[in-house]
Amino acid sequence: MQGDLMITGDQLLIKQINKSIVLNTIRKKGIISRADLANITGLNKSTVSSLVDELIKDGFVEEEGPGESKGGRKPIMLMINSLAGCVIGVDLDVNYILVILTDILANILWQKRINLKIGEDKEDIIGKIIDLIDEAISNSPKTVKGVLGIGIGVPGITDYKRGIVLKAPNLKWENVELKKIIEEKFHLNVYIDNEANTGAIGEKWFGAGKNARNFVYISAGIGIGTGIIINNELYRGSGGLAGEMGHMTIDINDHLCSCGNRGCWENYASEKSLFNFIKEKLESGEKDEYLNVDDLDKLDINDIIDIAEKGSSLAKRSIEEISRNLSIGIVNIVNTFNPDLVIIGNTLSGIGDYLLNTIREYIDSKCLVSRYNNVAVEISKLGMLDRAIGAVTLVISELFSYPGL
């Protein structure tokens, strides 16, 4: 009897794996026939047909209609039923919360962003996250499976398996059981990860990293984080904590960082450091017709970019300074990982071509490995939605790895 159970278990596992392969192939191809599915996957036609029938019954696949004939009967084409269910993605940053509602192909159905004051209480922030998720659920259309799960990207070190925010220095959070809190409220599967990891995952599935096997995503905002893709997989390290390169030491004698170390990269190359640069210059007596200390708290990075374009020398110099400092760290990253591609996301990506050109110049002139292996540098194709879409992908990737929910 035990042997029979083992065989049954193995057969079930193989079936689930094959089902996942079929579902993912349909997703990647967009529209495909059963015969082409069999050719691509290497599964026999009867197995493919049986699995497709189950996926149609589950609501994840639908028949689109007849395709072009290759000599016989016109094949019935298959595609993912994007409205099989909905997914909620949360991008929690230091100064905002962005929540999106998507279908299972990450097409956005609804979104809302609210600003946060830096230093807001943890309980208030979590309350706002809950309110926004409630609003997303109330805006979800009728689907086969309803809301399938919630993904949340957080600016800090996370235990992604247990869904605990271990330390988010810029939020001043420590050991926050965010997964448990949100699951108890909504009774849905919740996935928590570092926001740079969600950015990298979003770019890999739906953005600039789709065709790159090895790339580094840099989340350059209030702080700096990195998501590292190696051989098409997110690199997490032995404890799941890899990617905290914003806290690599640039100057051990510099000011104290929010993480407790001194001279971290993000002290020099983040949105926070850009504003500190401007503030220090103004407080030292420098005059600028567009900028004054009292108004700095009302501005964001997009305002600084606009002011620089209007002719502010100080705004322009702050952008140049931060672009150079960001480039220096990126040279270290390229020397370390030798990626195909570096993707810049989060608020500093709004600097655009000037930032890209500065990074490329530094890589060309100062990077050892780039002399022998070219590396591309791009701004995120998903823009400020990249980390929210990545949070959605935390749920979608689970769905496509284990179908039939």
Side-chain angles (χ1 to χ4, degrees), residues 7-87 102-109 141 143-146 148-149 151 200-215 229-234 340-341 376 381-382 389-390 392-405:
I7 291 168
T8 302
D10 287 346
Q11 288 173 338
L12 180 60
L13 177 61
I14 291 167
K15 181 180 177 182
Q16 289 291 356
I17 291 169
N18 288 339
K19 203 172 181 183
S20 176
I21 290 168
V22 168
L23 188 64
N24 266 304
T25 304
I26 298 170
R27 176 183 68 83
K28 289 175 181 176
K29 293 297 179 182
I31 186 163
I32 191 171
S33 68
R34 286 171 174 81
D36 286 342
L37 264 177
N39 289 334
I40 291 170
T41 62
L43 299 171
N44 67 53
K45 290 181 180 179
S46 63
T47 298
V48 166
S49 184
S50 173
L51 293 174
V52 165
D53 288 346
E54 285 191 30
L55 287 166
I56 290 172
K57 185 178 178 182
D58 291 339
F60 291 111
V61 172
E62 59 185 2
E63 293 182 332
E64 170 65 9
E68 290 186 15
S69 171
K70 295 178 181 178
R73 246 182 351 180
K74 289 185 176 181
I76 300 298
M77 306 304 288
L78 306 166
M79 62 188 297
I80 297 294
N81 176 16
S82 61
L83 285 176
C86 296
V87 182
T102 77
D103 62 22
I104 64 168
L105 294 177
N107 297 305
I108 294 175
L109 307 173
T143 58
V144 179
K145 302 289 185 180
L148 294 165
I201 293 167
E203 293 293 339
K204 180 61 197 169
W205 277 60
F206 300 107
K210 278 199 285 192
N211 298 318
R213 288 184 62 83
N214 302 286
F215 71 85
I229 301 291
I230 298 176
N231 289 328
N232 290 323
E233 297 288 339
L234 182 69
D340 307 312
L341 171 67
K381 281 190 167 57
L382 301 174
I389 289 174
V392 162
T393 309
L394 296 176
V395 182
I396 292 175
S397 61
E398 288 294 317
L399 167 68
F400 281 94
S401 68
Y402 193 81
L405 295 176

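Nothing fancy with the numbering, it's 1 onward along the sequence. Since the structure is predicted, the reported quantities are computational estimates derived from the model, not experimental observations.
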Exercise. Can you name the closest pair of heavy atoms from Leu105 and Ser82 and give their distance?
Worked result: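 Scanning both residues, the minimum pair turns out to be CD1-CB, 4.0 Å.
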Exercise. Does some side-chain heavy atom of Ile80 sit less than 4.5 Å from a side-chain heavy atom of Leu23?
Worked result: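 Leu23 vs Ile80: side chains touch.
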Exercise. Would you say Phe400 and Lys28 make side-chain contact, with heavy atoms under 4.5 Å?
Worked result: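 They are not in contact (no side-chain heavy atoms under 4.5 Å apart), so the answer is no.
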Exercise. What residues, two or more places apart in sequence or in another chain, satisfy side chain to side chain contact (heavy atoms under 4.5 Å, CB included) together with Thr143?
Worked result: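 Partners of Thr143 by the side chain to side chain contact (heavy atoms under 4.5 Å, CB included) criterion, ordered by chain and then number, come out as Leu83, Cys86, Pro141.
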Exercise. Roughly how far, to the nearest 0.5 Å, is the CD1 atom of Ile389 from the CG atom of Leu382?
Worked result: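 Separation between the atoms: 4.5 Å.
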Exercise. Between CD1 of Ile26 and CG of Asn81, what distance do you get to the nearest 0.5 Å?
Worked result: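 Going from CD1 on Ile26 over to CG on Asn81, the span is 11.5 Å.
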Exercise. With a 4.5 Å limit on heavy-atom distance, are the side chains of Lys19 and Asp58 in contact?
Worked result: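 Yes, close enough: below the 4.5 Å cut-off.
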Problem set entry | Interatomic spacing from CD1 in Ile201 to CD in Glu233 - rounded to 0.5 Å |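 Taking CD1 in Ile201 and CD in Glu233, the distance rounds to 10.0 Å.
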Problem set entry | Listed partners of Ser49 passing side chain to side chain contact (heavy atoms under 4.5 Å, CB included), at least two apart |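 Counting only residues at least two positions away or on another chain, Ser49 forms a side chain to side chain contact (heavy atoms under 4.5 Å, CB included) with Arg34, Asp53.
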For this session: Indicate the atoms forming the closest heavy-atom contact of Ile32 with Lys29, along with that distance.
Result: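 Smallest heavy-atom distance, with atoms named: CD1-CG, 3.9 Å.
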Exercise. Do Leu234 and Ile229 have side chains that get closer than 4.5 Å, going by heavy atoms?
Worked result: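 SC-SC contact between Leu234 and Ile229 confirmed.
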Problem set entry | Met79 to Gly30 - nearest heavy-atom pair and separation |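 Looks like CB-O, 3.3 Å.
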Problem set entry | Shortest non-hydrogen contact from Asp103 toward Ile396 |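 Looks like O-CD1, 4.2 Å.
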For this session: Indicate yes or no: at least one non-hydrogen side-chain atom of Val392 is less than 4.5 angstrom from one of Phe206.
Result: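 No; the side chains remain at least 4.5 Å from each other.
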Problem set entry | Thr102 side chain reached by Asn107 side chain, heavy atoms, under 4.5 Å |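 No, their side chains stay 4.5 Å or more apart.
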Name every donor-acceptor pair, under 3.5 Å, that has one atom in a side chain of residues 208-215 and the other anywhere in the protein, sequence neighbours excluded.
unit_1 : atom_1 : unit_2 : atom_2 : d
Arg213 : NH2    : Asn231 : OD1    : 3.4
Asn214 : OD1    : Asn231 : N      : 2.9

Problem set entry | Approximate separation, where rounding is to 0.5 Å, of Asn44 CG and Asn18 CG |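 The CG atom of Asn18 is 9.5 Å from CG of Asn44, to the nearest 0.5 Å.
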Exercise. Does some side-chain heavy atom of Glu62 sit less than 4.5 Å from a side-chain heavy atom of Leu78?
Worked result: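 Answer no - side chains too far apart.
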For this session: To the nearest 0.5 angstrom, please state how far the CG atom of Asn39 sits from the OG atom of Ser33.
Result: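 Going from CG on Asn39 over to OG on Ser33, the span is 8.0 Å.
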Problem set entry | Sidechain-backbone polar pair: Thr25 side chain, Ile21 backbone, donor-acceptor under 3.5 Å |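 Indeed, once roles are kept as given, a pair shorter than 3.5 Å links the two residues.
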Exercise. Are any of the side-chain heavy atoms of Phe60 and Leu399 separated by less than 4.5 Å?
Worked result: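 In contact.
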For this session: Go through Lys15 and Thr47 one step at a time and tell me if the side chain to side chain contact (heavy atoms under 4.5 Å, CB included) criterion holds.
Result: CA-CA 9 Å; Lys15 181 180 177 182; Thr47 298; over 6 Å; no
Exercise. Would you say Ser20's side chain and Gln16's backbone share a donor-acceptor pair under 3.5 angstrom?
Worked result: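 A pair under 3.5 Å: no.
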